[in-house]
2 protein chains.
Amino acid sequence: MPPIDAKTKVCAVLGHPVGHSLSPELHNAAFEALGLPYVYVAHDVEPGKVSEVLEGIRAMGYRGLSVTIPHKVEAMHAVDQVDPTAQGIGCINTVVNDDGRLLGYNSDGLGAISALRNAGADPQGKKVLVLGSGGAARAIVVTLAREAPPEQLTILGVKMDELKTLVDDAQNQGAQNQGAQSQASIVGGQFTPLSLQDEMAKAEILLHCSPVGMHPNENSSLVPPEMLHGEITVFDVVYNPRRTKLLQDAHTAGCRTIEGIEMFLGQAIVQFELWTGAKAPAEVMRQVVEAKL
Amino acid sequence: MPPIDAKTKVCAVLGHPVGHSLSPELHNAAFEALGLPYVYVAHDVEPGKVSEVLEGIRAMGYRGLSVTIPHKVEAMHAVDQVDPTAQGIGCINTVVNDDGRLLGYNSDGLGAISALRNAGADPQGKKVLVLGSGGAARAIVVTLAREAPPEQLTILGVKMDELKTLVDDAQNQGAQNQGAQSQASIVGGQFTPLSLQDEMAKAEILLHCSPVGMHPNENSSLVPPEMLHGEITVFDVVYNPRRTKLLQDAHTAGCRTIEGIEMFLGQAIVQFELWTGAKAPAEVMRQVVEAKL
């Protein structure tokens with residue numbers, strides 16, 4: 001980026017803790033690559049303080065924010081307007097300050113969709129299986145239903161209340177998006193070895209959104225290797241480790257695989273483009289993330 | 001400075017307008033020279049919004065602020081604690097965030113004192129003449145009375161109410177500072193050619209704090225050249241142009257001269273040291289200012 005002067009636009013990530021966030025290095029490298037007069041910093045904000053922070057940011061003329069754990073819901077309630085997809089998800093991870101008006105977005109699901117598309121596996125019109133019903137699954141499922149409706153979207157989970165809410169919300173989102181050519185058939189079911197086997201046999205894309213396989217339990221996977229077949233694209237949102245056991249097994253079975261960092265990169269690219277209006281330098285951003293992980 | 005990451009400490013200037021402030025380049029160059037993990041940005045804040053901004057800054061964990069026109073008084077009322085010198089001046093230009101507690105300081109007068117000392121003209125114990133009773137004069141006179149009491153401190157002005165208040169406040173400040181070895185004799189008087197001539201004959205240091213001689217009225221000076229004598233040090237707080245008519249005349253008369261940018265630099269050095277605890281790289285900072293003016 002050019003030297004920081006009194007005209008430099010400011011963006012930041014709000015989190016707690018935030019000291020290990022890669023977002024400042026990622027976005028600053030991207031600003032620099034394009035020569036844009038922006039800088040991106042990190043603020044460690046205690047829960048309960050988000051609305052004060054957003055009032056400050058409005059008055060200070062910040063251009064935008066990333067919002068991460070644990071502030072995504074609190075921030076949604078503090079902005080002036082929430083994008084319909086983010087409203088469906090129930091939280092935001094992005095704020096754009098449009099001349100004092102704070103607009104909330106959620107780029108997590110869009111990040112997953114663009115990761116799929118970049119890998120040549122557009123989910124639209126496909127049979128998609130999601131494992132898990134927590135935050136990552138919610139962002140992806142709701143965004144898929146609205147923005148890139150699969151032919152069939154099946155979610156298997158273990159928390160049946162959470163799962164039912166997610167299916168209902170995704171169905172509503174799909175129905176609300178008048179512009180969509182088609183609407184996904186969305187069903188939820190209890191995760192069991194048998195239900196998994198049935199759904200895996202039909203699925204074209206598998207989105208693993210549970211924490212299984214995450215450091216320090218790197219030798220676990222929800223999916224027995226024998227269920228993996230070469231016609232399926234496997235996307236694991238777990239990014240630590242980068243090559244989870246699921247992705248290793250999928251690679252062995254001849255599947256196309258997509259790592260969790262692609263979702264992180266994808267959501268950051270959407271944010272960057274919302275703040276700057278410029279096309280994000282994806283390769284520069286990828287290099288920063290790969291150098292750090 | 002090192003690459004900006006999630007642990008980088010943030011400082012900023014608040015002003016309105018703020019787009020021409022040199023402070024970001026000045027402080028960022030200083031952070032970089034010492035390899036300190038800090039970054040300094042600028043925020044254009046509308047009057048009336050300062051307390052919201054300070055609440056935000058507390059919650060975001062900013063390390064410190066510069067506060068400039070028109071926010072210096074409003075900011076004083078919004079911080080948690082005001083340094084006694086700043087209280088005497090009646091406004092702050094610096095905030096230090098001490099773990100969520102916002103401390104207000106005024107480094108303008110200290111900047112002027114260190115400019116004098118750097119030029120070999122310590123005002124303590126000297127006969128000092130100040131022209132003007134506005135904001136710059138207030139900061140300098142009150143700080144002198146408290147921190148470096150001259151033997152005689154005379155202020156000539158044209159706004160007699162403002163002048164009387166300043167003299168009273170400076171006398172109070174001098175009396176309150178228990179640690180001072182000596183106390184200045186402080187008097188105010190109406191600015192006339194005759195009073196100026198009398199005071200100039202006695203003065204060892206002249207501090208010009210009126211706007212006379214500032215761009216675009218570069219050919220004006222309050223002091224007739226024949227009143228300037230070689231035993232006087234002349235400090236002009238006007239910094240645009242750098243060499244005012246007063247300073248040119250003083251140079252011709254064989255006086256030691258000090259430019260207004262020395263006060264700007266001096267106050268920035270005090271701020272830098274309050275935020276970082278490190279000794280400011282004065283030469284680096286001077287180069288930034290000289291390159292820009």
Side-chain angles (χ1 to χ4, degrees), chain A residues 1-29 31-32 37-63 65-66 68 71 74 78 97 99-100 288 291-292, chain B residues 1-29 31-32 37-63 65-66 68 71 74 78 97 99-100 288 291-292:
Chain A
M1 53 215 173
I4 296 163
D5 67 19
K7 293 186 163 65
T8 303
K9 295 181 175 70
V10 184
C11 296
V13 55
L14 310 183
H16 182 70
V18 80
H20 291 94
S21 170
L22 288 182
S23 297
E25 287 146 290
L26 184 69
H27 286 291
N28 285 322
F31 295 143
E32 185 162 16
Y38 284 72
V39 64
Y40 186 108
V41 297
H43 297 304
D44 193 325
V45 174
E46 305 236 334
K49 293 286 182 186
V50 172
S51 57
E52 275 150 271
V53 168
L54 291 194
E55 282 315 302
I57 270 162
R58 191 203 310 271
M60 286 186 270
Y62 271 63
R63 172 57 181 156
L65 296 176
S66 306
T68 187
H71 299 314
E74 200 181 336
N97 180 358
D99 267 335
V288 172
K292 289 285 171 177
Chain B
M1 54 217 172
I4 296 163
D5 66 19
K7 294 186 161 66
T8 302
K9 294 180 176 69
V10 184
C11 296
V13 55
L14 310 184
H16 183 71
V18 79
H20 291 95
S21 171
L22 289 181
S23 297
E25 287 144 291
L26 184 70
H27 286 292
N28 286 322
F31 296 143
E32 184 162 16
Y38 285 71
V39 65
Y40 186 108
V41 296
H43 296 305
D44 193 324
V45 173
E46 305 235 335
K49 293 287 181 186
V50 172
S51 58
E52 275 150 271
V53 168
L54 292 193
E55 282 315 301
I57 270 162
R58 191 203 310 273
M60 287 186 269
Y62 271 63
R63 173 55 181 157
L65 296 176
S66 306
T68 187
H71 300 314
E74 200 181 336
N97 180 358
D99 267 335
V288 172
K292 289 285 170 176

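In what follows, every chain begins at residue 1, and chains take the letters A, B, ... in the order their sequences are listed.
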[atom1] of [X] to [atom2] of [Y]: how many Å apart, nearest 0.5 Å?
X        : Y       : atom1 : atom2 : value
A:Lys292 : B:Asp5  : NZ    : CG    : 7.0 Å
B:His20  : A:Lys7  : NE2   : NZ    : 4.0 Å
A:Met60  : B:Lys49 : CE    : NZ    : 12.0 Å

B:Tyr62 and A:His43 aromatic ring geometry - parallel, tilted or perpendicular at 30°/60° bounds: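 Plane angle under 30°, so parallel.
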
Derivation of the side-chain contact (heavy atoms from CB on, under 4.5 Å) call for B:Ile4 and A:Ile4: CA-CA 12 Å; B:Ile4 296 163; A:Ile4 296 163; 4.0 Å; yes

Residue among B:Gly56, B:Ala12, B:Ser51 with most heavy-atom pairs under 4.5 Å to chain A: B:Gly56

Largest heavy-atom contact set with chain A, pairs under 4.5 Å, which of B:Lys9, B:Glu25, B:Glu52: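 Going by pairs under 4.5 Å, I would pick B:Glu25.
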
Chain A contact via B:Asp44 - side chain, backbone, both or neither, heavy atoms under 4.5 Å: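 The backbone, not the side chain.
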
Heavy-atom proximity to chain A below 4.5 Å, by part of B:Val10: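 Interface part for B:Val10: side chain.
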
Distance-minimising heavy-atom pair for B:Ala6 and A:Gly19: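 Scanning both residues completely, I find the closest heavy atoms to be CB-O, 3.6 Å.
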
